[in-house]
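Small disclaimer: the values here were computed from a predicted structure and weren't measured.
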Amino acid sequence: MASLSLRHIYKKYPGGVTAVSDFNLEVKDKEFLVLVGPSGCGKSTTLRMIAGLEEISEGELFIGDRLVNDVAPKDRKIAMVFQNYALYPHMSVFENMAFGLKLSKVPKETIKKKVEDAARILDITHLLDRKPKALSGGQKQRVALGRAIVRDPQVFLLDEPLSNLDAKLRAAMRTELTKLHNRVGTTFVYVTHDQVEAMTMATRIVVMKDGLIQQVDTPQKLYDEPVNIFVAGFIGTPQMNFLNGSLEKKGNDVYFVYEGNSLKLPKEKAENPALAEYIGKEVVAGLRPECIEDNEKAIAANCADSCLDAYVDVTELMGAEIYLYLNVGEEGKLTARVSSRSTTRAGDTIKIGFEMERIHIFDKDTERCILH
């Protein structure tokens with residue numbers, strides 16, 4: 001098993017295009033690390049540099065305590081699982097899983113044991129004689145994982161391995177991958193653009209944008225304490241709501257003011273020294289959908305100092321909850337996640353309340369978070 005160390009890694013292409021900039025990261029042994037971000041943010045390029053499929057323009061990459069910048073991919077003791085599985089169509093499942101070991105001149109008996117052990121872990125023993133064309137998407141995914149497992153790699157690299165599966169199968173495979181990680185006890189580095197995958201599987205998440213690391217943290221910390229507007233909006237489904245307004249002080253109280261509506265901040269937030277220089281200035285307020293209340297009793301009890309009128313544009317019943325898509329003021333759009341027992345309907349004008357103890361305040365110019 002091994003840790004990974006990426007030190008000031010850059011990837012520059014001819015023509016002055018920089019795909020990854022000053023990437024610094026320490027991946028602990030046996031960690032499940034997920035790189036997440038929108039398309040084109042550099043996450044797959046970073047993974048391919050770890051694998052040795054892309055040359056590193058600048059910086060140093062260590063696997064364990066070994067510098068591997070100039071080490072060939074086959075000698076890095078890593079295994080990579082691709083988005084399209086990359087199975088040989090003319091070979092059986094057994095032959096696909098055994099192929100890398102055969103190339104390495106591993107004895108036949110050892111190959112047979114390793115493949116059978118991996119097949120048992122992945123519950124594909126009954127498929128060993130089949131060809132890939134006779135397999136479902138989920139089964140092909142397991143074969144691709146099995147081919148990686150048999151090599152006993154120090155690091156597993158997975159590049160959007162679930163993106164070709166349907167929604168139900170993706171959810172099932174997320175669970176299987178987590179169980180697999182716990183069972184094999186190897187370092188996993190996983191790339192996805194799906195933040196749900198990142199939140200459910202990772203021990204830590206790296207959020208990337210435009211080739212730069214935005215934040216590295218545990219899933220819960222990213223959700224509760226995003227460092228900027230990009231991370232706040234990217235992590236969470238539905239995404240965080242944002243309103244442009246200003247901070248104003250009245251006596252000892254501080255209010256977030258949006259189009260004439262004054263929303264009172266809780267005492268502990270109002271007294272935070274970080275807010276002092278923003279009084280009287282424009283800021284961006286962020287609030288998660290579950291922190292918006294449409295129930296009159298709950299608003300009266302908890303949100304009496306922080307409510308405003310909203311027009312209900314669309315409602316979506318999700319089973320256990322309802323998403324309300326709201327218009328507030330001239331340009332404000334909010335999404336609220338409320339109880340499935342809510343009687344709010346599209347076309348209603350309702351009063352909504354904000355749980356202000358969970359509000360985030362961002363600097364409008366730098367987009368950095370001032371206050372969680």
Side-chain angles (χ1 to χ4, degrees), residues 25 33-38 195-196 198-200 202-209 212-250 252-258 261-293 298-299 301-308 323 326 328 332-338 352-372:
L25 185 66
L33 186 99
V34 177
L35 303 177
V36 71
Q195 54 91 18
V196 174
M199 291 289 285
T200 51
T203 48
R204 277 194 309 159
I205 298 173
V206 181
V207 183
M208 294 183 69
K209 179 192 177 191
L212 293 165
I213 293 176
Q214 301 294 305
Q215 187 172 354
V216 184
D217 232 318
T218 62
Q220 196 62 52
K221 200 111 183 259
L222 280 178
Y223 192 81
D224 294 336
E225 299 176 19
V227 297
N228 58 29
I229 287 177
F230 175 79
V231 175
F234 194 82
I235 298 294
T237 304
Q239 75 164 46
M240 184 182 284
N241 298 293
F242 300 104
L243 289 174
N244 293 316
S246 60
L247 290 178
E248 293 185 11
K249 193 163 189 176
K250 300 173 186 176
N252 292 325
D253 296 325
V254 176
Y255 293 82
F256 173 73
V257 180
Y258 170 73
N261 297 282
S262 295
L263 310 174
K264 186 179 175 183
L265 268 64
K267 189 168 182 286
E268 63 274 13
K269 287 192 186 292
E271 292 175 350
N272 192 306
L275 284 190
E277 64 181 282
Y278 289 93
I279 301 299
K281 293 183 181 178
E282 288 191 355
V283 294
V284 178
L287 203 68
R288 297 282 180 197
E290 62 269 23
C291 304
I292 300 175
E293 185 60 75
I299 291 172
N302 305 316
C303 315
D305 295 326
S306 56
C307 49
L308 46 79
Y323 294 167
L326 310 167
V328 290
K333 291 190 179 296
L334 302 175
T335 305
R337 176 191 274 153
V338 299
I352 56 171
F354 294 159
E355 292 181 24
M356 296 298 281
E357 61 274 6
R358 296 175 67 184
I359 200 168
H360 304 262
I361 305 292
F362 300 91
D363 186 301
K364 191 171 183 181
D365 297 321
T366 66
E367 298 192 349
R368 302 293 294 177
C369 191
I370 307 161
L371 182 71
H372 294 298

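- Across every non-hydrogen atom of G353 and C307, the tightest pair is CA-CB, 4.0 Å.
- Two residues are said to be in side-chain contact when any heavy atoms from C-beta on lie closer than 4.5 Å; E355 and S306 fail this criterion.
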_side chain to side chain contact (heavy atoms under 4.5 Å, CB included), that's the test. Do V207 and F230 meet it? Break it down for me._
CA-CA 9 Å; V207 183; F230 175 79; 3.7 Å; yes

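- Annotation: the span from R204 atom CZ to T218 atom OG1 amounts to 9.5 Å, rounded to 0.5 Å.
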Residues 284-293, side-chain donor-acceptor partners within the protein, below 3.5 Å, at least two apart:
residue	atom	partner	partner atom	Å
R288	NH1	A232	O	3.3
R288	NH1	I235	O	2.7
R288	NH2	Y223	O	2.9
R288	NH2	I235	O	3.3
E290	OE1	Y223	OH	3.4
E290	OE1	R337	NH1	3.4
E290	OE2	Y223	OH	2.5
E293	OE2	N295	N	3.2

*asked:* Please determine whether side chain to side chain contact (heavy atoms under 4.5 Å, CB included) holds for the pair K269 and M356, giving the CA-CA distance in whole Å, both sets of side-chain angles, and the decisive distance to 0.1 Å.
replied: CA-CA 9 Å; K269 287 192 186 292; M356 296 298 281; over 6 Å; no

*asked:* Determine whether L243 and L334 satisfy the following criterion, side chain to side chain contact (heavy atoms under 4.5 Å, CB included), listing intermediate values before the conclusion.
replied: CA-CA 9 Å; L243 289 174; L334 302 175; 4.0 Å; yes

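- The nearest pair of heavy atoms linking T200 to V196 is OG1-O, 2.8 Å.
- Atom CD1 of I361 sits about 5.5 Å away from atom CG of L265, to the nearest 0.5 Å.
- Annotation for A274 and I370: closest pair O-CG2, 3.5 Å, computed over non-hydrogen atoms.
- In terms of the ring pair (Phe, Tyr, Trp, His ring centres under 6.0 Å) criterion, Y255 has no residue partners (sequence neighbours excluded).
- Of all non-hydrogen atoms in L326 and A336, the two that sit nearest each other are CD1-CB, 4.1 Å.
- Atoms CD and CG, from E357 and N302 in turn, are 7.5 Å apart once rounded to the nearest 0.5 Å.
- Going from atom CZ of F354 over to atom CG of N261 covers 8.5 Å, rounded to the nearest 0.5 Å.
- Residues passing the side-chain hydrogen bond (donor to acceptor under 3.5 Å, both in side chains) test with N228 are Q214, sequence neighbours excluded.
- Counting heavy atoms from C-beta outward, L33 and L25 have side chains that approach closer than 4.5 Å.
- Residue D363 holds its CG atom at 8.5 Å from NZ of K281, rounded to the nearest 0.5 Å.
- Nearest heavy-atom pair across A198 and P219 is O-CG, 4.4 Å.
- Not a single ring pair (Phe, Tyr, Trp, His ring centres under 6.0 Å) links Y278 to another residue, sequence neighbours left out.
- Residues meeting the side-chain hydrogen bond (donor to acceptor under 3.5 Å, both in side chains) test with K267, sequence neighbours left out: E271.
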_The test is side chain to side chain contact (heavy atoms under 4.5 Å, CB included); show your working for C369 and V227 and say whether it passes._
CA-CA 5 Å; C369 191; V227 297; 5.6 Å; no

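- Sorted by first and then second residue, the side chain to side chain donor-acceptor pair (under 3.5 Å) pairs involving residues 235-248 (not counting sequence neighbours) are Q195-T237.
- Residue F234 holds its CZ atom at 13.0 Å from CD of Q215, rounded to the nearest 0.5 Å.
- Remark: side-chain polar atoms of Y258 are paired, donor with acceptor, to backbone N or O of G332 under 3.5 angstrom.
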